[in-house]
Asks: 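Below is one structure. I have some questions about it.
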Amino acid sequence: MIEILIACVQTLLLVALTPLVSGVGRFMRAKMHTRKGPPILQDYYDLAKLFKRQDIHTKDSSFVHRLMPPLFLGTMLVLALGMPMLTRLSPVPFLADVILIIYLLALPRFFFALSAIDSGSSYAGVGGIRELMVGVLVEPSMMLALFVAALSAGSTNVGVMGATIGSLSVAHPVTIIIVGFAFALACYVELGKLPYDLAEAEQELQEGPLSEYSGPSLAMVKMAMSLKQILVVSWFIAIFLPFGSAVELTVVALAIGLVVYLVKLALIFFICSVFENAVSRVRFKLLGRQTWAVFGIAVFGFVFWILGI
């Protein structure tokens with residue numbers, strides 16, 4: 001019962017913090033560009049305003065265009081229930097399998113691209129194709145890195161993998177460092193930040209599929225996209241940086257785990273913000289040249305696992 005309560009609390013906490021995390025990111029980006037920028041709480045105002053507006057869809061769209069926003073947000077909430085955040089182990093173990101997580105992340109990506117094509121807008125369709133291409137290029141690197149980490153930990157459960165690495169009892173420490181680096185690079189690409197993209201408005205290619213959305217549907221998609229970024233970072237933290245998470249389900253341990261999790265989350269997003277503002281954009285058609293390097297690092301880690309290092 002306590003595990004279910006923890007899962008619900010951490011999910012509600014993420015929903016409440018999602019606009020704040022994205023707002024802080026926009027604020028930091030503005031300061032690094034020496035401009036005033038929006039207030040930190042601007043995303044809360046935007047979401048509240050969108051939920052009050054009328055939900056309009058194009059006349060050529062089908063049920064897919066209407067289904068995608070709640071499906072996207074619902075899938076992220078399901079992932080949040082099983083992701084180890086405050087604790088070392090997952091509060092809902094059957095939702096913490098890495099294979100299930102990969103499939104759950106692929107599901108909204110598929111409908112995101114499909115809804116862009118379904119909208120009847122050529123601009124949105126190009127953005128949908130871009131989203132599919134990013135998935136094809138990034139997911140193999142993530143899967144291989146996770147596969148090697150699972151082999152080293154002896155389990156595909158995120159919590160068990162994190163507990164094994166956190167206890168420093170993993171059999172191949174060098175391998176874990178290499179695949180952890182590869183997974184971190186793949187996660188950065190998955191976040192959609194520079195040099196790969198920077199979605200500041202609907203004129204950006206990454207947000208092209210959102211050009212035909214409005215009202216509550218647009219609010220749900222924007223919230224789901226920000227929630228996905230936090231979950232991807234949490235995924236990396238749960239497996240490769242589990243140190244400080246609660247091992248026992250006591251109030252003190254959970255409070256310490258919450259503080260440590262928030263500190264790690266803030267630090268990673270700060271590093272990402274600094275890096276994305278120090279590089280220039282790469283054309284999305286040239287993205288494969290860099291994702292091949294990420295895949296090569298993951299393969300290198302697999303070779304180290306075979307050698308037993």
Side-chain angles (χ1 to χ4, degrees), residues 1-15 17-18 71-109 135 138-172 175-176 179-180 182-184 186-187 190-191 224 227-250 253-254 256-258 260-262 264-265 268 298:
M1 186 63 183
I2 184 67
E3 290 84 359
I4 301 299
L5 180 61
I6 293 173
C8 294
V9 168
Q10 69 180 24
T11 301
L12 294 176
L13 179 64
L14 280 191
V15 172
L17 288 179
T18 293
L71 176 67
F72 195 172
L73 182 58
T75 304
M76 295 303 107
L77 294 178
V78 170
L79 286 172
L81 287 172
M83 192 71 67
M85 299 177 192
L86 314 183
T87 58
R88 185 70 58 87
L89 297 176
S90 171
V92 186
F94 75 91
L95 292 177
D97 187 82
V98 293
I99 300 175
L100 177 61
I101 293 174
I102 290 173
Y103 276 108
L104 287 177
L105 286 174
L107 180 64
R109 187 193 299 276
V138 174
E139 287 175 2
S141 302
M142 300 181 74
M143 293 173 65
L144 181 57
L146 291 173
F147 174 70
V148 176
L151 288 175
S152 299
S155 174
T156 59
N157 185 280
V158 172
V160 176
M161 294 166 66
T164 304
I165 295 174
S167 62
L168 302 178
S169 60
V170 67
H172 309 92
T175 299
I176 291 298
V179 297
F183 188 70
C187 287
E190 188 72 24
L191 293 179
L227 188 58
K228 179 183 177 182
Q229 291 187 344
I230 299 178
L231 286 172
V232 169
V233 174
S234 301
W235 196 11
F236 172 75
I237 291 174
I239 297 177
F240 297 101
L241 295 175
F243 312 103
S245 300
V247 179
E248 301 177 353
L249 300 182
T250 62
L254 291 175
I256 295 175
L258 174 61
V260 172
Y261 168 74
L262 293 177
K264 289 188 287 188
L265 192 70
I268 290 177

Asks: Can you confirm whether Ile102 sits close enough to Leu146 that some side-chain heavy atom of one is under 4.5 Å from a side-chain heavy atom of the other?
Replies: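 Yes; the side chains approach each other to less than 4.5 Å.
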Asks: Is the shortest side-chain heavy-atom distance between Ile268 and Phe236 below 4.5 Å?
Replies: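 Ile268 vs Phe236: side chains touch.
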Asks: If you round to the nearest 0.5 Å, how far is OG1 of Thr156 from CZ of Phe147?
Replies: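 Phe147 CZ to Thr156 OG1: 11.0 Å, rounded to 0.5 Å.
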Asks: What pairs with Lys228 under salt bridge (Lys or Arg N to Asp or Glu O under 4.0 Å), at least two apart in sequence or on another chain?
Replies: Glu190
Asks: Taking atom CZ of Phe243 as the centre, report whether more than 12 heavy atoms of other residues, nucleotides or ligands fall under 6.0 Å from it.
Replies: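 Buried by this count: over 12 neighbours within 6.0 Å.
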Asks: Distance-only check: which donor-acceptor pairs under 3.5 Å involve side-chain atoms of residues 74-89, not counting sequence neighbours?
Replies:
from  : atom 1 : to     : atom 2 : distance (Å)
Thr75 : OG1    : Leu71  : O      : 2.7
Thr87 : OG1    : Leu89  : O      : 2.6
Arg88 : NE     : Pro242 : O      : 3.2

Asks: Within this structure, what is the CD-OG distance for the pair Gln10 and Ser234, rounded to the nearest 0.5 Å?
Replies: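 Between Gln10 CD and Ser234 OG, I get 8.5 Å after rounding to 0.5 Å.
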Asks: Quick check: does any side chain N or O of Asp97 sit under 3.5 Å from a backbone N or O of Val158, one acting as donor and the other as acceptor?
Replies: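 No, because the side chain of Asp97 does not come within donor-acceptor range (under 3.5 Å) of the backbone of Val158.
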Asks: Can you find a pair of side-chain heavy atoms, one from Phe240 and one from Val179, that are under 4.5 Å apart?
Replies: yes
Asks: Do Val260 and Ser245 come within less than 4.5 Å of each other through their side chains, counting heavy atoms only?
Replies: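 No, side chains not in contact.
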Asks: Got a second to check how far Lys264's NZ is from Leu262's CG, nearest 0.5 Å?
Replies: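 The NZ atom of Lys264 sits 10.5 Å away from the CG atom of Leu262.
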Asks: If I compare all heavy atoms of Cys187 with all of Met142, which pair ends up nearest, and what's the gap?
Replies: SG-CE, 4.2 Å
Asks: Is there side-chain contact between Leu14 and Leu231, with at least one heavy-atom pair below 4.5 Å?
Replies: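 Heavy-atom side-chain distance check passes, below 4.5 Å.
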